[in-house]
Amino acid sequence: MSIKAIRGTKDILPSEVNTWTFIENVARCLFCQYGFDEIRTPIFEKTELFLSGIGEGSDIVQKEMYTFEDPKKNRITLRPEGTAPVIRAFLENHLPQMGALHKLFYLGPMFRYERPQKGRMRQFYQIGAEVLGVKAPLLDVDMMIFVHHFLKELGILNVTLKVNTLGSREDKIAYQNNLKDFLSAKKTHLCKDCQVRYEKNVLRVLDCSNQNCSSIVKEMTPLSEIIGPERREYFETVCLYLDKAGVPYEKDLYLVRGLDYYTDTVFEFLCSSLGAQNAIAAGGRYDNLVQTLGGKETPAFGFACGLERLILSLPEDFNLSQSRTGVYWIFLEDKARQSFFSRVQWMREKGWKAEMSYEDRSLKSQMRYADKNNFEWIFIIGQKELEEGKFQVKNLETHVEMDLREDELSHWLQRFENKDE
RNA sequence: GUGGGUGUAGCUCAGUGGUAGAGUGCUAGAUUGUGGCUCUAGUUGUCGCGGGUUCGAACCCCGUCACCCACCCCA
């Protein structure tokens with residue numbers, strides 16, 4: 001096979017797809033409990049949406065976007081994240097006029113041109129949510145409670161929640177300038193990467209893993225301590241609610257997020273079993289983005305979880321138990337097939353899972369197939385049964401065998417109907 | 001974009017210059033009509049690709065591609 005899947009993409013095979021749908025179903029179910037509605041946006045958008053939405057200085061825009069021209073020369077980008085498209089859809093479809101509070105969730109593939117590694121793909125899947133129209137500490141906390149609940153539901157327990165506040169946009173800009181002034185004298189002592197960060201995005205120097213850099217940065221008062229009293233109080237209330245909710249967390253005064261639009265509360269759930277890409281879910285408040293994208297000033301809070309990373313973090317013993325269901329019809333000769341294949345369809349229309357042997361193969365191999373595919377029952381029809389006008393029925397779980405006349409079939413189905421739901 | 005590791009059967013891997021291997025899977029059989037466990041047999045190869053060295057290369061050398069891990073960044 002010479003044509004292979006594109007670097008950083010992968011097939012989700014039948015053997016793993018159950019895990020995916022399981023996680024998706026848990027998410028949908030919880031979102032419903034928390035009062036969220038689903039929104040689906042296109043997977044590509046005009047490039048400019050992401051330029052103004054994510055910020056031109058961000059790494060995503062600088063080097064990670066799949067951008068191309070369509071035949072009419074429009075600049076198009078495969079969505080690298082879900083927030084900007086959701087806001088675009090929110091504004092374009094006049095949702096602000098439909099009420100003050102909007103709780104939306106989405107689920108689907110995102111695209112970033114990065115070097116693949118553990119927990120990082122070029123096409124990857126996110127489950128995310130955005131709440132528009134509310135600025136309240138309790139909402140911020142409710143979103144973290146949601147993620148905490150979601151992870152717990154999936155059995156992912158070895159997680160750490162880190163929270164911080166970035167203050168208002170003005171606080172952030174003022175602090176960026178302070179930081180630049182502060183670092184300008186010590187610039188030569190910073191690592192090579194940080195010297196680039198100094199020019200491009202100073203805030204990122206804060207969470208540099210280089211020890212030298214972090215010790216330099218620690219001499220400077222953290223952003224969260226110089227922001228206005230109103231914002232500080234807001235953040236303290238967030239922490240208070242987290243305490244009361246019993247959600248364990250750590251304040252990380254140097255936590256900075258990579259997307260430019262965040263203000264005030266930001267958070268990250270880290271998972272210890274993930275490797276280097278250990279952020280399993282992250283998000284925060286972005287009170288200026290709606291306005292940036294042409295709407296009225298609207299407070300907003302959002303987060304996203306990486307589905308591949310959720311799957312990597314699933315407990316070792318995670319196992320979707322599949323119970324046996326349905327009937328596999330084994331026809332041992334063509335005459336049996338001709339007489340009874342329509343009965344298979346008849347069962348399906350009554351809501352049963354039913355399959356049949358399409359061609360003559362040994363009984364043994366057909367039973368293996370039925371067993372491997374988790375059927376609960378097999379019906380065997382061969383020469384003997386045709387002559388005697390009945391089927392042989394076997395339960396693959398209990399090994400019980402019995403005979404069944406065709407006129408008893410309806411009654412038999414009724415008896416076991418509930419088992420197949 | 002940078003660094004390290006790995007490419008051999010469908011899968012997991014052994015094999016360091018002399019005939020291409022194991023386990024697992026798959027197929028069939030072990031009372032010619034009864035699954036899982038066991039046993040037996042069969043089955044699959046461009047040894048990533050291209051070049052070079054050699055009487056001879058899966059193995060050594062050069063190049064290249066892919067995958068994995070890490071840096072960067074992010075979910």
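A, B, ... follow the sequence lines: proteins, then strands. Residue 1 opens every chain.
- Because its NZ or CZ atom is both nearer than 6.0 Å to the ring centre of A:Y113 and within 45° of the ring axis, A:R122 counts as a cation-pi partner of that residue.
- Across the protein-nucleic acid pair, A:L332 atom CG and B:rU34 atom P stand 10 Å apart, rounded to whole Å.
- Using N1 to N3 plus N6-O4 or O6-N4 for Watson-Crick, or N1-O2 and O6-N3 for G-U wobble, each under 3.5 Å, B:rA30 pairs with B:rU38.
- Rounded to whole Å, atom P of B:rU34 lies 18 Å from atom CG of A:N395.
- Of the P atoms belonging to B:rG63 and B:rU2, the separation is 15 Å, rounded to the nearest Å.
- Annotation: B:rU27 and B:rG35 have their P atoms spaced 14 Å apart (nearest Å).
- Sorted by first and then second residue, the salt bridge (charged side-chain N to carboxylate O under 4.0 Å, His left out) pairs with a member in residues 140-165 of chain A read A:D140-A:R285, A:K162-A:D252; sequence neighbours excluded.
- For A:K364 and B:rG35, the shortest distance from a side-chain N or O to OP1 or OP2 is below 4.0 Å.
- Between A:R368 and B:rU34 there is no side-chain N or O to OP1 or OP2 distance below 4.0 Å.
- In this structure, NZ of A:K4 is placed 7 Å from C1' of B:rG48, rounded to the nearest angstrom.
- Taking atom CG on A:L363 and atom C1' on B:rA28, their separation rounds to 14 Å, with Å as the unit.
- Summarising the base pairing, B:rU64 is matched to B:rG48 through a Watson-Crick or G-U wobble pair whose two defining distances lie under 3.5 Å.
- Checked by atom type, the side-chain pair A:S168/A:D171 shows a donor-acceptor distance below 3.5 Å.
- Judged by distance alone, with hydrogens and angles left aside, A:E333 brings no side-chain donor or acceptor close enough to the base of B:rG33 to form a pair under 3.5 Å.
- Look at CZ on A:R7: it is 14 Å from C1' on B:rU64, rounded to the nearest Å.
- B:rG10 and B:rG3: their P atoms are spaced 34 Å apart (whole Å).
- The structure places CD1 of A:I156 at 11.0 Å from CZ of A:F269, a figure rounded to the nearest 0.5 Å.
- Across all strands shown, B:rU54 remains unpaired; no Watson-Crick or G-U wobble contact has both distances below 3.5 Å.
- Across all strands shown, B:rU43 forms a Watson-Crick or G-U wobble pair with B:rG25, both key distances being under 3.5 Å.
- Taking the six-membered ring where tryptophan is involved, the planes of A:F36 and A:F146 are tilted, since the angle between them lies from 30° to 60°.
- The nucleotide B:rU19 finds no pairing partner, because no Watson-Crick or G-U wobble arrangement with both distances shorter than 3.5 Å includes it.
- Rounded to a whole angstrom, the distance from the P atom of B:rG25 to that of B:rA20 is 27 Å.
- The residue among A:Y113 and A:Q392 whose nearest nucleotide of RNA chain B lies closer to the 5′ end is A:Y113.
- With rounding to whole Å, A:R361 atom CZ is found 15 Å from B:rU34 atom C1'.
- Nucleic acid contact for A:Q62: none, since no nucleic acid atom lies under 4.0 Å from a heavy atom of the residue.
- More than 12 heavy atoms of other shown residues, nucleotides or ligands fall within 6.0 angstrom of atom CZ in A:R348.
- Taking the P atoms as reference points, B:rG7 lies 14 Å from B:rC61, given to the whole Å.
- In terms of phosphate contacts, A:S365 brings a side-chain nitrogen or oxygen within less than 4.0 Å of OP1 or OP2 of B:rA28.
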Give the B/S/- string for nucleotides 69-75 of chain B, one per nucleotide from 5' to 3', where a protein heavy atom under 4.0 Å of the base yields B, of only the sugar-phosphate yields S, and otherwise -.
-> SBBBBBB

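- Of the C1' atoms belonging to B:rA14 and B:rG21, the separation is 7 Å, rounded to the nearest Å.
- Remark: B:rG3 base-pairs with B:rC69; criterion is Watson-Crick or G-U wobble with both hydrogen-bond distances under 3.5 Å.
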Protein proximity profile, nucleotides 6-13 of chain B - base contact B, sugar-phosphate-only contact S, no contact -, cut-off 4.0 Å on heavy atoms = --------

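- Checked by distance alone, A:Q366 brings no side-chain donor or acceptor within 3.5 Å of a matching partner on the base of B:rU34.
- The same atom, C1', is picked in B:rA9 and in B:rG48; the two are 15 Å apart, to the nearest Å.
- Checked for salt-bridge contact, A:E38 and A:R28 meet the test: a charged N lies under 4.0 Å from a carboxylate O.
- Look at B:rA14: it lacks any Watson-Crick or wobble partner with both distances under 3.5 angstrom.
- Contact annotation: side chain of A:K394 to base of B:rU34, donor-acceptor pair present below 3.5 Å.
- Each of A:F340, A:W412, A:Y328 was compared with A:F379 under the ring-ring contact (aromatic ring centres under 6.0 Å, His included) criterion, and only A:W412 meets it.
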Run the numbers on A:D360 and A:R337 for salt bridge (Lys or Arg N to Asp or Glu O under 4.0 Å), then give the verdict.
-> CA-CA 10 Å; A:D360 289 332; A:R337 207 169 352 255; 2.7 Å; yes

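- Straight-line distance from the CG atom of A:L386 to the P atom of B:rG33: 15 Å, rounded to whole Å.
- The closest side-chain heavy-atom distance from A:Y369 to A:E355 is below 4.5 Å.
- Spacing between B:rA57 and B:rG17 at atom C1', rounded to whole Å, works out to 7 Å.
- Per the geometry, CG belonging to A:D360 stands 15 Å off C1' belonging to B:rU32, to the nearest Å.
- Counting only heavy atoms from C-beta outward, the side chains of A:K46 and A:T77 never approach each other to under 4.5 Å.
- A cation-pi arrangement, defined by a distance under 6.0 Å to the six-membered ring centre and an angle within 45 degrees of its axis, is absent between A:K10 and A:F124.
- Note on A:K372: a side-chain N or O is less than 4.0 Å away from OP1 or OP2 of B:rC26.
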